[in-house]
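Every value quoted in this text rests on a predicted model; they were computed, and no experiment measured them. Numbers restart at 1 for each chain; the letters A, B, ... are given by sequence-line order, proteins then strands. Hydrogens, waters and symmetry mates play no part in the numbers below; they use all other heavy atoms, side chains included.
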Number of protein chains: 2
Amino acid sequence: MRIAELSRRSGVAVPTIKYYLREGLLPPGELTSPNQASYDEHHLNRLRLTRAMIDLAQVPVARVRAVLEALDSDTLSLHERIGVVHRAITPSRQLTAGDSARTAAAVQVQELIQRRGWAVEPDSPAIATLVETISVLRSLGQDHLVDLLDPYAEAVERFTELEVAAVASRTDPDQVAESVVIGTILGENLLASLRLLAQENISSRRLK
Amino acid sequence: MRIAELSRRSGVAVPTIKYYLREGLLPPGELTSPNQASYDEHHLNRLRLTRAMIDLAQVPVARVRAVLEALDSDTLSLHERIGVVHRAITPSRQLTAGDSARTAAAVQVQELIQRRGWAVEPDSPAIATLVETISVLRSLGQDHLVDLLDPYAEAVERFTELEVAAVASRTDPDQVAESVVIGTILGENLLASLRLLAQENISSRRLK
């Protein structure tokens with residue numbers, strides 16, 4: 001297809017596509033004349049993935065390029081591909097060494113991971129976010145909210161297999177990666193909204 | 001206590017406390033001399049709540065004042081108080097009338113609410129977010145992620161009673177409201193991080 005059709009099908013404006021081509025986020029099309037190139041489904045999927053990372057997850061262009069290079073390596077398993085995308089879209093936080101509240105929270109998170117038997121890398125950015133959040137909750141005197149950690153973990157375990165299966169069911173590797181970006185970010189919106197509605201329901205029944 | 005101790009115990013700087021007093025977010029202390037006022041536990045709780053709304057939930061000052069005025073009304077039940085705080089910290093979205101994707105998503109959300117038997121107000125901001133998110137997911141061709149709506153709803157139902165009980169266990173009404181703000185926002189962080197770790201675990205076991 002020509003660039004105009006690529007633009008129509010992806011919803012990405014032609015000048016933006018040209019910018020992605022210049023930045024190396026999109027491989028060049030096949031030249032059909034000195035001034036015209038042809039693009040295929042791979043370009044379309046790659047464009048959608050790039051768009052999801054930049055628009056939805058607000059990943060900087062340089063980082064998007066690094067993710068795409070990693071995805072293009074033939075040696076990565078599907079698990080490793082998902083990990084690369086996860087890490088790219090999860091902001092990592094720097095922990096302040098020596099802070100005793102954080103040390104205690106870090107121990108608590110490690111114990112939780114062991115208790116649930118989760119196979120996760122020790123440098124997962126989600127671990128840092130968890131430790132940071134627990135420390136802040138305790139410093140705000142909200143220890144009763146930290147007690148919800150296990151019920152939360154138990155609840156997320158109930159849908160995770162379905163989430164991973166939904167993402168892994170895509171055939172094109174770029175579609176898998178796109179689905180991880182969209183599912184991570186918009187799935188959070190779905191969960192947060194449903195949580196508020198479920199809270200409103202219980203509050204309405206118990207506290208009216 | 002004097003303003004210096006109020007500052008120390010709340011972690012809020014004295015000039016900020018004076019700003020809140022001028023803006024009417026904090027009731028004046030009891031004058032003990034023409035230039036000195038005394039503050040009590042109510043001021044401390046109110047200050048913590050104000051801080052949580054402004055810092056954590058980024059609620060504009062004018063809106064914080066409206067929330068505090070509503071909380072000070074004697075006629076509100078605990079359920080209504082929680083609702084006032086929920087609405088203040090949840091950004092509402094304007095829906096574009098006549099958009100067929102949104103109409104279909106709205107029907108789907110209404111069916112979900114009926115299916116689960118949730119007693120929620122039709123104008124809850126979380127409903128608008130849910131409708132918006134489903135529309136976006138469909139427009140991105142991610143219908144397989146929309147299929148996760150029911151598993152998500154089922155999962156959040158498992159901890160909601162605990163969340164509402166944790167919040168309602170606080171004795172001071174301002175502490176309840178503070179806990180709602182912090183629990184809503186930081187609870188989302190906890191859930192999101194645990195979800196990523198649980199996904200990493202399943203991905204590691206199934207797709208490595």
Side-chain angles (χ1 to χ4, degrees), chain A residues 77-79 82-83 86 90 113 118-121 124 126-127 129-130 133 136-137 140 142 144-145 147-149 151-164 166 168-169 179 182-183 186-208, chain B residues 77-79 82-83 86 90 113 118-121 124 126-127 129-130 133 136-137 140 142 144-145 147-149 151-164 166 168-169 179 182-183 186-208:
Chain A
S77 70
L78 193 51
H79 169 63
I82 291 176
H86 252 177
T90 315
I113 289 170
W118 285 352
V120 294
E121 297 292 330
S124 287
I127 292 182
T129 307
L130 208 46
T133 308
V136 172
L137 279 170
L140 294 172
Q142 305 286 330
H144 61 297
L145 295 177
D147 295 342
L148 291 162
L149 219 45
Y152 284 160
E154 207 170 303
V156 298
E157 279 178 347
R158 300 182 69 84
F159 54 70
T160 312
E161 297 236 15
L162 292 172
E163 290 184 317
V164 174
S169 72
S179 227
I182 297 174
L186 294 188
E188 250 175 53
N189 272 20
L190 291 183
L191 262 176
S193 312
L194 290 167
R195 175 175 172 243
L196 286 176
L197 291 177
Q199 285 175 350
E200 184 182 338
N201 171 51
I202 298 296
S203 167
S204 155
R205 289 172 197 284
R206 300 272 184 283
L207 312 174
K208 224 175 195 167
Chain B
S77 69
L78 193 51
H79 169 64
I82 291 177
H86 252 177
T90 315
I113 288 170
W118 285 352
V120 294
E121 297 291 332
S124 287
I127 292 183
T129 307
L130 208 47
T133 308
V136 173
L137 279 170
L140 294 172
Q142 304 286 330
H144 60 297
L145 295 177
D147 295 342
L148 291 162
L149 219 43
Y152 284 160
E154 209 169 302
V156 297
E157 279 177 346
R158 300 182 70 84
F159 54 71
T160 312
E161 298 236 14
L162 292 172
E163 290 184 317
V164 174
S169 72
S179 224
I182 297 174
L186 294 188
E188 252 175 52
N189 272 21
L190 291 183
L191 262 176
S193 313
L194 290 167
R195 175 176 172 241
L196 287 177
L197 291 177
Q199 285 175 351
E200 184 183 340
N201 170 51
I202 298 296
S203 167
S204 154
R205 288 173 197 284
R206 300 272 184 282
L207 312 173
K208 223 173 195 168

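Between chain B and the options A/Gly187, A/Gly83, A/Ala153, the largest number of non-hydrogen pairs under 4.5 Å is found for A/Gly187. Taking chain B as the reference chain and counting heavy-atom pairs below 4.5 Å, the highest number among A/Asp147, A/Ile127, A/Leu196, A/Ile113 is found for A/Leu196. Options A/Leu78, A/Val120, A/Leu191, A/Leu140 differ in how many heavy-atom pairs under 4.5 Å they form with chain B, and the most are formed by A/Val120. Chain A forms more heavy-atom pairs under 4.5 Å with one residue of B/Ala119, B/Ser77, B/Pro151 than with any other, namely B/Ala119. Top candidate by heavy-atom pairs under 4.5 Å with chain B, chosen from A/Ser193, A/Ser169, A/Ala155, A/Gly183, is A/Ser193.
Across all non-hydrogen atoms, the minimal contact from B/Leu194 to A/Leu149 is CD1-O, 3.8 Å. Among all heavy-atom pairs drawn from A/Leu197 and B/Ser124, the shortest one is CD2-CB, 4.0 Å. Residues A/His79 and B/Ser204 approach most closely at ND1-N, 3.1 Å, considering heavy atoms. Smallest separation of non-hydrogen atoms from A/Ala192 and B/Glu188: CB-OE2, 3.4 Å. Closest non-hydrogen pair, A/Ala166 versus B/Leu145, comes out as CB-CD2, 4.5 Å. Between A/Val156 and B/Ala198, the shortest heavy-atom distance links the atoms CG2-CB, 4.0 Å.
For A/Glu161, the side chain to side chain contact (heavy atoms under 4.5 Å, CB included) partners two or more places apart in sequence, or in a different chain, are B/Ile202, B/Arg206.
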Next item on the list: Show your working on side chain to side chain donor-acceptor pair (under 3.5 Å) between B/His144 and A/Ser179 and close with a plain yes or no.
Entry: CA-CA 9 Å; B/His144 60 297; A/Ser179 227; 2.8 Å; yes
Next item on the list: Could you go through the side chain to side chain contact (heavy atoms under 4.5 Å, CB included) check for B/Thr129 and A/Leu190 one step at a time?
Entry: CA-CA 8 Å; B/Thr129 307; A/Leu190 291 183; over 6 Å; no
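A/Arg195 is listed as a side-chain neighbour of B/Phe159, based on a closest heavy-atom distance under 4.5 Å. Using a 4.5 Å cut-off on side-chain heavy atoms (C-beta onward), B/Val136 and A/Leu186 make contact.
Side chains of A/His86 and B/Gln199: a donor on one and an acceptor on the other come within 3.5 Å.
Of the two parts of B/Leu148, only the side chain, counted from C-beta on, holds a non-hydrogen atom closer than 4.5 Å to a non-hydrogen atom of chain A. Only the side chain of A/Ile82 comes within contact range of chain B, with heavy atoms under 4.5 Å apart. Proximity to chain A (any heavy atom under 4.5 Å) is restricted, for B/Ala168, to the side chain, taken from C-beta onward. Of the two parts of B/Arg205, only the side chain, counted from C-beta on, holds a non-hydrogen atom closer than 4.5 Å to a non-hydrogen atom of chain A.
The closest donor-acceptor contact from the side chain of B/Glu200 to the backbone of A/Glu121 lies under 3.5 Å.
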